[in-house]
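Here the structure comes first, spelled out in structure tokens, and everything after it is commentary.
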Number of protein chains: 4
Amino acid sequence: MSNETVAADPPAPSTGRARNPRTHQAILDATVQLLGEVGYQDLSIERVASRAGVGKATIYRWWNSKSALVIEAMERGLPVELPEHTGDPRTDLRAAIQSAVQTYAVGQVGSTVPALAAEVSRDATGAEQLRQFLRPRRDAAREVLHQAAAVGTLPPDVDIETVIDLFIGAIFYRSLVRKLPVDAVMVEQLVELILDGRLPRTIP
Amino acid sequence: MSNETVAADPPAPSTGRARNPRTHQAILDATVQLLGEVGYQDLSIERVASRAGVGKATIYRWWNSKSALVIEAMERGLPVELPEHTGDPRTDLRAAIQSAVQTYAVGQVGSTVPALAAEVSRDATGAEQLRQFLRPRRDAAREVLHQAAAVGTLPPDVDIETVIDLFIGAIFYRSLVRKLPVDAVMVEQLVELILDGRLPRTIP
Amino acid sequence: MSNETVAADPPAPSTGRARNPRTHQAILDATVQLLGEVGYQDLSIERVASRAGVGKATIYRWWNSKSALVIEAMERGLPVELPEHTGDPRTDLRAAIQSAVQTYAVGQVGSTVPALAAEVSRDATGAEQLRQFLRPRRDAAREVLHQAAAVGTLPPDVDIETVIDLFIGAIFYRSLVRKLPVDAVMVEQLVELILDGRLPRTIP
Amino acid sequence: MSNETVAADPPAPSTGRARNPRTHQAILDATVQLLGEVGYQDLSIERVASRAGVGKATIYRWWNSKSALVIEAMERGLPVELPEHTGDPRTDLRAAIQSAVQTYAVGQVGSTVPALAAEVSRDATGAEQLRQFLRPRRDAAREVLHQAAAVGTLPPDVDIETVIDLFIGAIFYRSLVRKLPVDAVMVEQLVELILDGRLPRTIP
DNA sequence: ACGTAATCGAGACGGTACGTCAAGTCTTACT
DNA sequence: AGTAAGACTTGACGTACCGTCTCGATTACGT
């Protein structure tokens, strides 16, 4: 799993005063708070600084952009919490999909990821940082699908990456663009599509 | 089909000097140009105004936000061009999916839609305008799927809206977040998933 | 006395529809009202137009500047009202000075004249219009002083214009710059200065 | 004498980057220049900023209005320069009056003071700042008159403040409203009025 | 233990853009 | 023809943040 930070750590100086961990945490905390209060668009470095009781320059020293700051803040404030694999493909896939719903379709973070995605669309470094943040979730889903392919629940040559894109994309798009909630029914529809090849049906 | 404009037309005045169509077109043209040159994020009303040779106030008179302006500009600059229905579900669905790729995954517009979606996520009016813009594309896809269900190619109780979310979502997500091109292979994978219930396979 | 208008009457058209007196009066009335409500500085042509239920262009057709409009409005709304001359120099001079106090030191108008003076300081036409407005008051004072000189109350070679400047200036300056009220005491001091050559004394 | 500044100094911060004196001077210089070029009315903060090579916000940080800025600029660019008292009342009074002429009736400043007076007529703070600026001139005149009263040239109970209003007012009014030059003749008339109780006479 | 060097808060600074307001001109349609 | 309504360009307003830059004042090393 990824333990790397996305922060743009400046070259470690051989001597001098060390970076103050308290300050660092205060900045990340303030970022998470403001993200919840005003959302990504209206979050400004200036506000983070004053909320954290910190100079603006301190933030710029450690993060080179708003997106980098927010990504690290979400990483710390939103750790990946995946249940243990049970070995049952259906149960495990359902858990992976529900985890994706948490990431993409719930609360502040749900609306932050798309904003981030749009913002970094012209910035290669930022895009990579965002992918780093999303990777653990994707890794978890991949493991589940690999396992399912291994036990024969899925065809052996299934294109796992595209399958992942399918269900994350559906959740992402429905929540972000269509502004519809992603509920248990849809989760079940996705599970059935992937494991049974059964297209979603309307509920009679 | 939707012929409505998304522009925030101020109450139609019964009298007074008529709106100058040249001015209006110049604004929309400048918006489209700048969208291509600098992208949605860096597009500012100020730049649009100076590029169009127009006062800022004129823009604000007719559009109450950057998003409203951009949506109308895209609508005019990117008309829905769908091929005639052939009656063959596979051919028509492929065309609909390719049209979605054009909208969500190609060029400036591809990166504009997500930025718009993120921006209007806190603004009910803007969100509605965005949906108005996207509706014709969605309508076209719906018709194709209805037709397929009618002729028995799809099960009669298929949840068409969710199916649409599936393929648009996959295209959207792959292009925006994963920064991968959406090619003919993927289009074919989506067609087969929907019409044959066949999960995507890796190419040997 | 001056019966001329200061309005910038456009060249009288030989034919066509005549200037509408109702419209004209409504504009002047609205100007006087707004002058009282918001003062000269914050009076805008736009507000006058909407208050008068009139198009902006109509105002610009008949007056070429805010100052011209305001001057005419004051002329109509603030006619010179001088008491009959009694023949007694002291009484008549006191009346003339009190009239100057009314013009320069009381209410909205008091603060309008200096603003006008400042505004027209770079505009020869406007300056002339302002002088036209002030002339009747000055004429009245001059008559009184002439009379006083004729009957020997003032030396025959007194420089009447400068004497007028003295008392108007004192009133003007004290009210505008020093923001002090101009009361009966000061009026009396001015009368005594002019008629008796007695410098103002403090009140014991 | 008053050494106080009229600048609206924000609460002196105990910490933070110090105010840059170069920047400050550049703003005041630009203000004085523009005052001479376009006058008070057409002087805009925006122009001052661009002329001084400075951000608008920097100006607004230190001065809360155009009038405050202009007053301080005049203060620095137009220091009170009074000749030594000779002890001779006539000589000293003549010098004080000539100083008033300089302030109120000459050049850019002459037309700036009335504009300022008109502008601050609705603003108590601004009015006070203007009085602060004018105070040193008034103080000088007061001293002279006090001296004259002390040596018996003036009656002991003369109302010095009103006498000052008289001659400043005459100069102010004649220059601003009547647009007439204030020459040596008038200065002499004022001196004689005050010291000899002799009303101004026409020159034969 | 001490001096050195980097960190930190605070916030000044030159900018860009915001969204608003009014000025003064021009156009259209009504009366 | 005169007028109301109001579209339009222009330019300034005062505010918010941007990202960079000084300031002093504080630490925590390495010697």
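Computed from a prediction, not measured in an experiment: that's the story for all the values here. Reminder, nothing fancy here: chain letters follow the sequence lines and each chain counts from 1.
In this structure, the side chains of D/W63 and D/L28 come closer than 4.5 Å at one or more pairs of heavy atoms. No side-chain heavy atom of A/L69 sits under 4.5 Å from any side-chain heavy atom of A/N64.
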Could you walk me through whether B/R122 and A/Q41 satisfy the side chain to side chain donor-acceptor pair (under 3.5 Å) test, starting with their C-alpha distance in whole Å, then the side-chain angles of each, then the deciding distance to 0.1 Å, before giving a yes or no?
CA-CA 10 Å; B/R122 310 201 132 227; A/Q41 322 273 351; over 6 Å; no

Under the salt bridge (Lys or Arg N to Asp or Glu O under 4.0 Å) criterion, do B/E37 and B/R47 qualify, and how do the steps go?
CA-CA 12 Å; B/E37 293 173 22; B/R47 268 152 93 110; over 6 Å; no

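Sequence order on DNA chain F of the closest nucleotides to A/S65 and B/G55 puts B/G55 first from the 5' end. For the pair D/A52 and A/A52, both in contact range of DNA chain E, the more 5′-proximal nearest nucleotide belongs to A/A52. Each of D/S44 and C/V54 was matched to the nucleotide of DNA chain F holding its nearest heavy atom; the match closer to the 5' end belongs to C/V54.
The backbone N or O of B/A49 sits nowhere less than 3.5 Å from a side-chain atom of B/K56 that would complete a donor-acceptor pair.
Atom CG in C/N64 sits about 10 Å away from atom P in E/dG24, given to the nearest Å. Nucleotide E/dA23 holds its P atom 10 Å from the CD atom of C/E119, rounded to whole Å. The separation between D/I45 atom CD1 and F/dG14 atom P is 7 Å, rounded to whole Å. For the pair C/E46 CD and F/dG6 C1', the interatomic distance rounds to 10 Å; values are reported in whole Å. Atom CH2 in D/W63 sits about 13 Å away from atom C1' in E/dC13, given to the nearest Å. As a whole-Å value, the separation of C/Q41 CD from E/dA23 P is 13 Å. Atom-to-atom, CD1 of B/I59 to C1' of E/dT20 comes out at 14 Å; the value is rounded to the nearest Å. The distance from atom CG of B/N20 to atom C1' of F/dT9 is 12 Å, rounded to the nearest whole Å.
Close to E/dA12, at under 4.0 Å from its OP1 or OP2, lies a side-chain N or O of D/R61. The shortest distance between the side-chain N/O atoms of B/W62 and the OP1/OP2 oxygens of F/dG6 is not below 4.0 Å. Taking 4.0 angstrom as the limit, B/T58 places none of its side-chain polar atoms (N or O) nearer than this to OP1 or OP2 of F/dC8. Proximity of C/T23 to the phosphate of F/dA4: a side-chain N or O atom is located under 4.0 Å from OP1 or OP2.
Among the atoms of the strands shown, none is found under 4.0 Å from any heavy atom of C/K66. C/A57 comes within contact range of at least one nucleobase, with a heavy-atom separation under 4.0 Å.
One cannot find a donor-acceptor pair under 3.5 Å joining the base of E/dG11 and the side-chain atoms of A/K56.
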